[in-house]
Asks: 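One structure coming up, written as structure tokens, with questions to follow.
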Amino acid sequence: MSVASLFKPFQIKSLSLPNRIVMAPMTRSFSPGGIPTEDVAAYYRRRAEGGVGLIFTEGTAIERPAAKSRDEHPDFHGHGLTGWARAFDAVHEAGGRIAPQLWHVGAVHPDGTDPDDPARPVDTPSGIRAPAGAFGRPMSEEAVQDTIDAFAAAARHAAAIGADAINIHAAHGYLIDQFFWALTNRREDAWGGTDIADRSRFAAEVIRAIRAAVGPDLPIIIRLSQWKQQDYTARLATTPDEMQRWLDPMTDAGVDLFDCSQRRFWEPEFEGSDLNFAGWVKKLSGLPTITVGSVGLNAEFLTFFTDQKMRPAPIDELVRRLERGDFDLVAVGRALIGDPQWATKIREGRFSELVTFDRSVLKTLI
Ligand SMILES: Cc1cc2nc3c(=O)[nH]c(=O)nc-3n(C[C@H](O)[C@H](O)[C@H](O)COP(=O)(O)O)c2cc1C
């Protein structure tokens, strides 16, 4: 099997990539006080040296009081920016490209969190934490606007410290996804509604504000998922038509690329076609897409939270779909946490050198 298609260049607006391999955004919690350390910079630098085309940082918090749920999650404001500037420089020195994943957790906070703590009031669309029920209160119009402004401010900071693109975290049951999801968005104002197009408006306004902040050339990428950490079987769009109505507001707002999160990239999205999530999003939006989900490994990502070993798996099916044009880029998560040289090994056909690993690799930044 030839892997040549994975190593073709890709260009979108000001972003030129030497290949199709993207490091998926992965929270590592090694940024005490919200400031990425030198070790974090070196960790991302190793992935650039290892031949990754585009690195997405872990989710990094916008400037809202409860945008993150742990002190060790990095901030994308204040002193956090000093650490990120160091990481971006390290990646660029190694010839890589890097984009921050801008994040707000919404209602996803540890048990025992007081959602009304005046120092850190929690932001949620409708005061609901799925599936448990009431949590906090619906965001005021002012809070919604301030959150949109905070995404835009973070993007402006990102451009100023040399980001190669922006990734907006709108997946996995966090704040923007809580706006998409009918279970957690019960609003009857302009930020909610019975149609998914209505619930897509918040994401669209975040994109518009970011575009105004960074100008026309910096690519804006948004990460979407059907699944939620609160419910792995949840689906926002159950038909292509519904998916179209979900995507259109974001496309109209000027997003450049959809990052389509699945747990297993080979699973068909709708009956009657083998197209996966990224395949359908590309077909319906006409925009380039990224696929992700168990690339190069024999088990899906939840195994990271068990004692199971993760073994290398063939990538033939991935290459077949890439060559067919289903998607444009391929994000790799755990395989890159376990092995910074993964992309180089794939390019050079050193498949026997791919490593088996388990969750112990999460203890340090290798
Ligand atoms: C430790 C860990 C942390 C993650 N953190 C994030 C995150 O901050 N943002 C995000 O969008 N996805 C996050 N994910 C999901 C990954 O980006 C990716 O979509 C998922 O692991 C599937 O890819 P894989 O099968 O190649 O690992 C995380 C996954 C893991 C294993």
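Both counts, for ligands and for their atoms, begin at 1 and track the order of listing. Here the structure is a predicted model, which is why all the values come from computation and not from measurement. These numbers come from the heavy atoms of this one structure, side chains and all, not from hydrogens, waters or symmetry mates.
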Asks: Using 4.0 Å as the upper bound for N to carboxylate O, is an ion pair formed by Glu300 and Arg263?
Replies: yes

Asks: Does the N or O separation between Ala331 and ligand 1 drop below 3.5 Å for any pair?
Replies: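 Looking only at distances, the answer is no, because the N/O contact criterion of under 3.5 Å is not met.
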
Asks: Give the residue, atom name and distance (to 0.1 Å) of the protein heavy atom nearest atom 28 (C) of ligand 1.
Replies: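 For atom 28 (C) of ligand 1, the nearest protein heavy atom comes out as Met26 CG, 3.7 Å.
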
Asks: Using the side chain to side chain donor-acceptor pair (under 3.5 Å) rule, pick out the option among Gln101, Arg223, His169 that qualifies with Asp259.
Replies: Arg223

Asks: Salt bridge check, Asp316 against Arg320: does any charged N sit closer than 4.0 Å to a carboxylate O?
Replies: no

Asks: Please confirm whether Ser294 comes under 4.0 Å of ligand 1, counting heavy atoms of the residue only.
Replies: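 Distance cut 4.0 Å: Ser294 passes for ligand 1.
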
Asks: Measure the acute angle between the ring planes of Trp227 and His172, then classify it against the limits of 30° and 60° as parallel, tilted or perpendicular.
Replies: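 Parallel: the ring planes of Trp227 and His172 meet at under 30°.
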
Asks: Between the main-chain N or O of Val40 and the side-chain N or O of Thr37, is there a donor-acceptor pair closer than 3.5 Å?
Replies: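 Yes, the answer is positive, given that a donor and an acceptor are paired below the 3.5 Å cut-off.
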
Asks: Near Gly59, which atoms of ligand 1 are under 4.0 Å from a heavy atom of that residue?
Replies: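 Per the distance check, 8 (O).
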
Asks: Please determine whether a side-chain nitrogen of the Lys or Arg among Lys309 and Asp358 lies less than 4.0 Å from a carboxylate oxygen of the Asp or Glu.
Replies: yes

Asks: Under a 4.0 angstrom heavy-atom cut-off, which atoms of ligand 1 come close to Val292?
Replies: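 Counting from 1, the qualifying ligand atoms are 19 (O), 23 (O).
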
Asks: In terms of atom number and element, which parts of ligand 1 are under 4.0 angstrom from non-hydrogen atoms of Ala24?
Replies: 17 (O)

Asks: In terms of atom number and element, which parts of ligand 1 are under 4.0 angstrom from non-hydrogen atoms of Arg334?
Replies: 24 (P), 25 (O), 26 (O), 27 (O), 31 (C)

Asks: From the options Thr291, Val319, Ile290, select the one residue that forms a side chain to side chain contact (heavy atoms under 4.5 Å, CB included) with Val330.
Replies: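 That would be Thr291.
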
Asks: Quick test: of every protein heavy atom, which one is nearest to atom 7 (C) of ligand 1, and how far off is it to 0.1 Å?
Replies: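 Sorting protein heavy atoms by distance from atom 7 (C) of ligand 1 puts Pro25 O, 3.4 Å first.
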
Asks: Counting non-hydrogen protein atoms only, what is the nearest one to atom 21 (O) of ligand 1? Give residue, atom name and distance.
Replies: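 It is Phe301 CB, 3.4 Å.
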
Asks: Number the atoms of ligand 1 from 1 as they appear, then name those within less than 4.0 Å of a heavy atom of Gln101, with their elements.
Replies: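 Counting atoms of ligand 1 from 1, those under 4.0 Å from Gln101 are 7 (C), 8 (O), 9 (N), 10 (C), 11 (O).
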
Asks: Quick one: does Ala335 get within less than 4.0 Å of ligand 1, heavy atoms only?
Replies: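 No, that is not the case, since the closest heavy atom of the residue is not under 4.0 Å from the ligand.
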
Asks: Going by heavy-atom distance to atom 5 (N) of ligand 1, choose the closest among Thr27, Val295, Leu362, Val22.
Replies: Thr27

Asks: Could you see which bit of Arg263 sits under 4.0 Å from ligand 1, with heavy atoms only: side chain, backbone, both or neither?
Replies: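 Neither part.
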
Asks: Going by the angle between their ring planes, with limits at 30° and 60°, are Phe179 and Trp191 parallel, tilted or perpendicular?
Replies: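 Phe179 and Trp191: perpendicular rings.
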
Asks: Under 4.0 Å between a side-chain nitrogen and a carboxylate oxygen: does that hold for Arg211 and Asp256?
Replies: yes

Asks: List every atom of ligand 1 that sits less than 4.0 Å from any heavy atom of Arg223, numbering the atoms from 1 in the order shown and giving each element.
Replies: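 Listed by number with element, the hits are 10 (C), 11 (O), 12 (N), 15 (C), 16 (C), 17 (O), 19 (O).
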
Asks: Under 4.0 Å, heavy atoms only, figure out whether ligand 1 is touched by the backbone of Glu300, its side chain, both or neither.
Replies: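 For Glu300, no heavy atom sits under 4.0 Å from ligand 1.
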
Asks: Going by the order shown, which atoms of ligand 1 are within less than 4.0 Å of some heavy atom of Phe304?
Replies: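 Counting from 1, the qualifying ligand atoms are 31 (C).
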
Asks: Should Asp116 and Arg137 count as an ion pair when the cut-off is N to O under 4.0 Å?
Replies: yes

Asks: What protein heavy atom sits nearest atom 26 (O) of ligand 1, and how far off is it?
Replies: Gly333 N, 2.8 Å

Asks: Considering only NZ, NE, NH1 and NH2 on the basic side and carboxylate oxygens on the acidic side, decide whether Arg28 and Asp39 come within less than 4.0 Å.
Replies: no

